[in-house]
There are 2 protein chains.
Amino acid sequence: MRKENSTNFLNEKDLANNCGMYYTITLIGGRWKISILAALLDHEVMRYSEIKTRLTNITERMLIKQLKELQDDGLIIRNDYKEVPPRVEYSISKKGRSLEKLLIEMQQWGKKHSKE
Amino acid sequence: MRKENSTNFLNEKDLANNCGMYYTITLIGGRWKISILAALLDHEVMRYSEIKTRLTNITERMLIKQLKELQDDGLIIRNDYKEVPPRVEYSISKKGRSLEKLLIEMQQWGKKHSKE
DNA sequence: ACAAGTACCTACAAAATTGTAGGTACCAAC
DNA sequence: GTTGGTACCTACAATTTTGTAGGTACTTGT
């Protein structure tokens, strides 16, 4: 759905390629991504429905979308048991786990400065 | 220009209020914000035109917009000399400077993981 | 009188993201 | 044979972000 030759697209791609910070932000900047990551960082494995319950305001469309992107970026792992009714478990990947320290610091910075 | 009662707006506000990480991301997540912050973190003061020259692909509309948001969020300081022709200098604030460590870590993480 | 330089601003259009409201498949239990 | 549960999907609409193409004010230099 993205136009791969729009100025917008090219600008973003350029930034992500040349700037480590921006690349990092593109991975965790989606609306619900850090919420999902935070959930998976302290749960080892979670079923789709458990994540949905935890993120009270998210819609299914958004949840699926963000999960898929996190998965494509290698931050989380999807495990489909191919059962009926479906059972799918998500867990954090090694790459995802390596973000933990950063996320904690972002949490602390945010808490400290959000009331200024 | 934002609808202050749209689901979209409320969801974002809710996240920013309740989650330090998300708050942090909203401040630095704009398309050009970290580029601007990075520039100001290693220049002490920069004129508007200097920033524009450094961010080669940015348009004036976006530069002004991102500068204003960074200023509203207290990360940078605008100093208007009220001269003609205009002279306006931007510099990093104390709050902005306190992000430096985090940004460096994001840079390192990004550099390390962007080729996986 | 006219161009040049600086730091903006504005209306409109294009593109991207997010939300709404439905639907699917499969099997088990009633 | 209808219902319930799970993890999705899809079309469309609303919202938001970003880009394009112009314009402004003021003064100095030519």
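Predicted model only: the values in this text are computed from it and were never measured. We use all heavy atoms of the structure for the numbers below, so side chains are in, but hydrogens, waters and symmetry mates are not. Every chain is numbered from 1, with letters handed out A, B, ... down the list of sequences.
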Report the residue (Phe9(A) or Arg87(A)) whose heavy-atom-nearest nucleotide on DNA chain D is the more 5′ of the two.
-> Arg87(A)
Please tabulate, for the side chains in residues 39-49 of chain B, all donor-acceptor contacts under 3.5 angstrom to protein atoms that are two or more places apart in sequence or on a different chain.
unit_1   : atom_1 : unit_2   : atom_2 : d
Asp42(B) : OD1    : Arg54(B) : NH1    : 3.4
His43(B) : ND1    : Ala39(B) : O      : 3.2
Arg47(B) : NH2    : Pro86(B) : O      : 3.2

Applying side-chain hydrogen bond (donor to acceptor under 3.5 Å, both in side chains) between Asp14(B) and each of Asn17(B), Asn11(B), Asn18(B), report the one that passes.
-> Asn18(B)
Please list residues of residues 13-22 of chain B whose heavy atoms come under 4.0 Å from any atom in DNA chain C, ordered by number; otherwise none.
-> none
Rounded distance (Å) that lies between atom C1' of dT18(D) and atom CG of Asn8(A) | 5 Å
For residues 15-27 of chain A, which residue pairs qualify under salt bridge (Lys or Arg N to Asp or Glu O under 4.0 Å), counting only residues two or more places apart or in two chains?
-> none
Under the ring-ring contact (aromatic ring centres under 6.0 Å, His included) rule, collect the residues that match up with Trp109(B), sequence neighbours excluded.
-> His113(B)
Partner residues of Lys111(B) under the side chain to side chain contact (heavy atoms under 4.5 Å, CB included) criterion, sequence neighbours left out = Gln107(B)
Salt bridge (charged side-chain N to carboxylate O under 4.0 Å, His left out) involving Arg61(A) - partner list, sequence neighbours excluded = none
Using rotation axes that map the C1' atoms of four end pairs onto the next four (five pairs an end), what angle separates the end axes of the helix from dA1(C)-dT30(D) to dC30(C)-dG1(D), to 10°?
-> 30°
Between Asn11(A) and Pro85(A), just flag the one whose closest nucleotide in DNA chain D comes earlier from the 5' side.
-> Pro85(A)
Do Leu15(B) and Ser35(A) come close enough that some side-chain heavy atom pair is under 4.5 Å?
-> yes
Taken in chain and number order and not counting sequence neighbours, the residues that satisfy salt bridge (charged side-chain N to carboxylate O under 4.0 Å, His left out) with Glu83(A) are Arg87(A)
Pick base, sugar-phosphate or nothing for Tyr81(B), based on heavy-atom distances below 4.0 Å to the nucleic acid.
-> nothing
Output for pair (Ile36(A) CD1, Gln71(A) CD), nearest 0.5 Å, gives 11.5 Å
Identify the two heavy atoms, one from Ile58(B) and one from Met62(B), that lie closest to each other, and give their separation to 0.1 Å.
-> CG1-CB, 3.8 Å
Could you identify which residues of residues 27-47 of chain A place a heavy atom less than 4.0 Å from some atom of DNA chain C, listed by residue number, or say none?
-> Arg31(A)
Shortest non-hydrogen contact from Ile77(A) toward Ile92(A) | CD1-O, 4.1 Å
Minimum side-chain heavy-atom gap Tyr90(B)-Leu67(B) below 4.5 Å | yes
For Arg78(A) and dA7(D), give me the distance from atom CZ to atom P, rounded to whole Å.
-> 10 Å
Given the rule in the salt bridge (Lys or Arg N to Asp or Glu O under 4.0 Å) test, do Glu12(A) and Arg2(A) qualify, once you have shown the distances and angles that lead to the verdict?
-> CA-CA 12 Å; Glu12(A) 180 161 17; Arg2(A) 262 199 112 167; 2.9 Å; yes
Along DNA chain C, first and last positions that approach a heavy atom of chain B under 4.0 Å | dG5(C) to dT20(C)
Test Leu75(B) against every option in Lys95(B), Arg97(B), Glu69(B) by the side chain to side chain contact (heavy atoms under 4.5 Å, CB included) rule and name the one that passes.
-> Lys95(B)
With a 4.5 Å heavy-atom cut-off, do Asp73(A) and Leu70(A) have their side chains touching?
-> no
For the pair made of NZ in Lys3(B) and P in dA13(D), what is the distance, rounded to whole Å?
-> 16 Å
Mind running a 4.0 Å heavy-atom check of residues 52-75 of chain B against DNA chain C and sending the residues that fall below it, in number order?
-> Glu60(B), Arg61(B), Ile64(B), Lys68(B)
Residues joined to Phe9(B) in its hydrophobic cluster, side chain to side chain under 4.5 Å directly or through other members, sorted by chain and number, are Leu10(B)
